[in-house]
Amino acid sequence: MSISAEAEGLESRNSGSGVVIVVAGAVLGVAALILTARRGVTGWPFALTFGVLIAVGEMVQFRVDRTRNRAPIATSAALGYCLLRGPEVSVPPEVAQIVAVAAVATAIGVLPRIVAGLWWDAVVSCRRLLSVGAAAVVFAGIVPKDLSWNGSVTHALPLGGAMLLAVSTAAGLDAIVGAGQTTERYSKPFPAALRDELGVTARIGMAMAISGILLAAGTSIAGLWAPPLVIVPLLLTQFAFRRYSSAQRTYRATVRSMARSTEIAGFSSPGQNARTAALAVAIGNDLGLTPARMEALEYAALLSGVGQLALADPSPGGASLLRTREERQRAAEIGAAVIERSGVLDHVAEIVRHSNDPYRHGRANNSAIPVESGIVNVALAYEQLVGEGSGQSPAKAMESIGLGIGAEYDPVVVESLRRIVGRGFRF
């Protein structure tokens with residue numbers, strides 16, 4: 001079972017919300033095109049300039065994390081086009097024209113990616129279009145057409161406030177939609193999913209929103225000389241994000257290579273670590289863990305068997321549960337020590353160190369022990385009972401694990417596992 005969707009190409013998410021978002025984005029875009037065609041395009045130079053920026057931004061989009069692609073230039077340009085209002089813009093673009101330009105530019109920008117077979121998510125592009133439409137409606141609704149930048153504080157303050165409100169609306173809408181998708185796809189509690197989305201918005205989304213405000217203000221005052229000046233810092237930021245993304249991919253590949261070492265040595269069955277990690281991630285989502293804790297949990301589940309390499313001989317079929325309590329805890333301690341030597345995975349080492357502690361003598365009496373340790377413990381036990389070649393049914397495995405609730409296994413984690421299995425989780 002794949003833990004992360006790293007595949008290139010067009011991603012089609014089998015979710016009802018994804019279909020609704022794509023349909024809503026397509027309908028909005030087509031309706032805006034029809035209205036714009038009837039009324040005519042105003043301010044062609046600005047429409048063309050911002051359309052080109054959006055298209056280029058879509059073309060060079062990239063993936064910062066493992067959830068979705070980011071297009072900071074396209075997002076900032078689309079928001080900037082929404083907020084044009086100044087002496088250099090004689091006729092501000094209407095809402096329909098803003099959406100139409102964003103829709104056409106997005107289609108033009110993603111076309112080369114589709115032809116080249118690069119990863120592209122139609123849902124994310126439609127989410128961006130819906131957010132831009134919301135920002136345009138809010139800004140047009142609260143800013144009179146005769147209000148523009150003229151150097152006075154009486155104009156600057158309401159314009160700046162309206163811009164912040166518009167981009168905040170766009171960010172808030174995207175966060176709510178994203179949280180709903182996460183809840184549907186990963187069964188993560190909506191409040192926790194919304195918390196995560198708002199966290200991403202605060203770090204990345206608002207940076208793009210502020211860039212959009214600067215782009216709009218600069219263009220409104222200085223004309224088309226402003227976009228190149230504002231886009232240059234965005235290009236440098238995008239380059240830095242790409243470097244960070246590349247480092248993260250290398251980081252994950254290193255962890256997976258370490259995890260496979262136990263399979264190569266015969267201390268775990270083929271795919272056992274990946275299956276354990278997949279189940280641990282599912283439990284973590286169900287319990288609403290933060291993204292940082294989810295990443296540490298996944299790494300800990302992948303590396304939970306590293307310490308077995310120090311044991312005299314492998315367990316039959318990688319069934320570490322057949323070993324004595326002392327052997328398992330010694331392996332966990334050795335594994336934690338090995339992980340700590342990396343110098344950057346201390347938080348993961350702490351999870352692994354306690355991953356074989358019985359609940360009654362561990363977390364039940366010591367709240368400092370992370371719940372992630374209990375998750376890895378339960379996930380590993382379930383995998384060894386149900387995983388490849390074990391032969392037990394999910395119901396039988398749950399019955400076996402249920403006998404250890406409160407003594408061996410954390411009751412909260414076991415209840416989460418019960419919900420996940422009840423929803424049809426399979427390796």
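Positions are given from 1 along the sequence.
- Under a 3.5 Å cut-off, the side chain of Thr75 and the backbone N or O of Pro72 do not form any donor-acceptor pair.
- Taking the charged nitrogens against the carboxylate oxygens, Glu340 and Arg353 do have a contact shorter than 4.0 Å, which makes a salt bridge.
- Under the side-chain hydrogen bond (donor to acceptor under 3.5 Å, both in side chains) criterion, Ser168 pairs with no residue at all, not counting sequence neighbours.
- One side chain, Asn273 or Thr262, offers a donor N or O that lies under 3.5 Å from an acceptor on the other.
- Nearest heavy-atom pair, Ile98 versus Ala136, reported as atom, atom and distance to 0.1 Å: CD1-CB, 3.9 Å.
- Residues satisfying the ring pair (Phe, Tyr, Trp, His ring centres under 6.0 Å) criterion with Phe46, sequence neighbours excluded, are absent altogether.
- Residues forming a salt bridge (charged side-chain N to carboxylate O under 4.0 Å, His left out) with Arg39 (at least two apart in sequence, or on another chain): Glu94.
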Name the atoms and distances for all side-chain donor-acceptor pairs under 3.5 Å in residues 102-109, with sequence neighbours left out.
{"residue": "Thr106", "atom": "OG1", "partner": "Ala102", "partner atom": "O", "Å": "2.6"}

request  = Given ring pair (Phe, Tyr, Trp, His ring centres under 6.0 Å), test Tyr382 with Tyr409 step by step and report yes or no.
outcome  = CA-CA 11 Å; Tyr382 184 82; Tyr409 306 117; over 10 Å; no
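- A side chain to side chain contact (heavy atoms under 4.5 Å, CB included) with Cys126 is found for one member of Val177, Val27, Ile21, Val20 and no other, namely Ile21.
- With sequence neighbours excluded, the residues forming a side chain to side chain contact (heavy atoms under 4.5 Å, CB included) with Asn366 are Ala368, Ile369, listed by chain and number.
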Distance-only criterion, 3.5 Å: show the donor-acceptor pairs between side-chain atoms of residues 219-232 and protein atoms not counting sequence neighbours.
{"residue": "Thr219", "atom": "OG1", "partner": "Leu215", "partner atom": "O", "Å": "2.7"}
{"residue": "Ser220", "atom": "OG", "partner": "Arg85", "partner atom": "N", "Å": "3.0"}
{"residue": "Ser220", "atom": "OG", "partner": "Ala216", "partner atom": "O", "Å": "2.7"}

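- Between Leu165 and Val138 there is a side-chain heavy-atom pair separated by less than 4.5 Å.
- Every salt bridge (charged side-chain N to carboxylate O under 4.0 Å, His left out) that Arg418 has, sequence neighbours left out, goes to Glu415.
- Not counting sequence neighbours, Glu88 has no partner by the side-chain hydrogen bond (donor to acceptor under 3.5 Å, both in side chains) test.
- For the pair Val413/Leu417, no side-chain contact is recorded, criterion being any heavy-atom separation below 4.5 Å from C-beta on.
- By the salt bridge (charged side-chain N to carboxylate O under 4.0 Å, His left out) test, Glu408 is found to be paired with Arg325, residues two or more places apart in sequence or in another chain being considered.
- Residues in residues 83-107 take part in no ring pair (Phe, Tyr, Trp, His ring centres under 6.0 Å) pair, two or more places apart or across chains.
- For residues 49-59, every residue pair satisfying the side-chain hydrogen bond (donor to acceptor under 3.5 Å, both in side chains) rule, not counting sequence neighbours, is listed here: Glu58-Gln61, Glu58-Arg128.
- Scored by the salt bridge (charged side-chain N to carboxylate O under 4.0 Å, His left out) test, Arg423 finds Asp286 as partners (sequence neighbours excluded).
- Remark: the backbone N or O of Asn377 is not paired with any side-chain donor or acceptor of Ser355 at under 3.5 angstrom.
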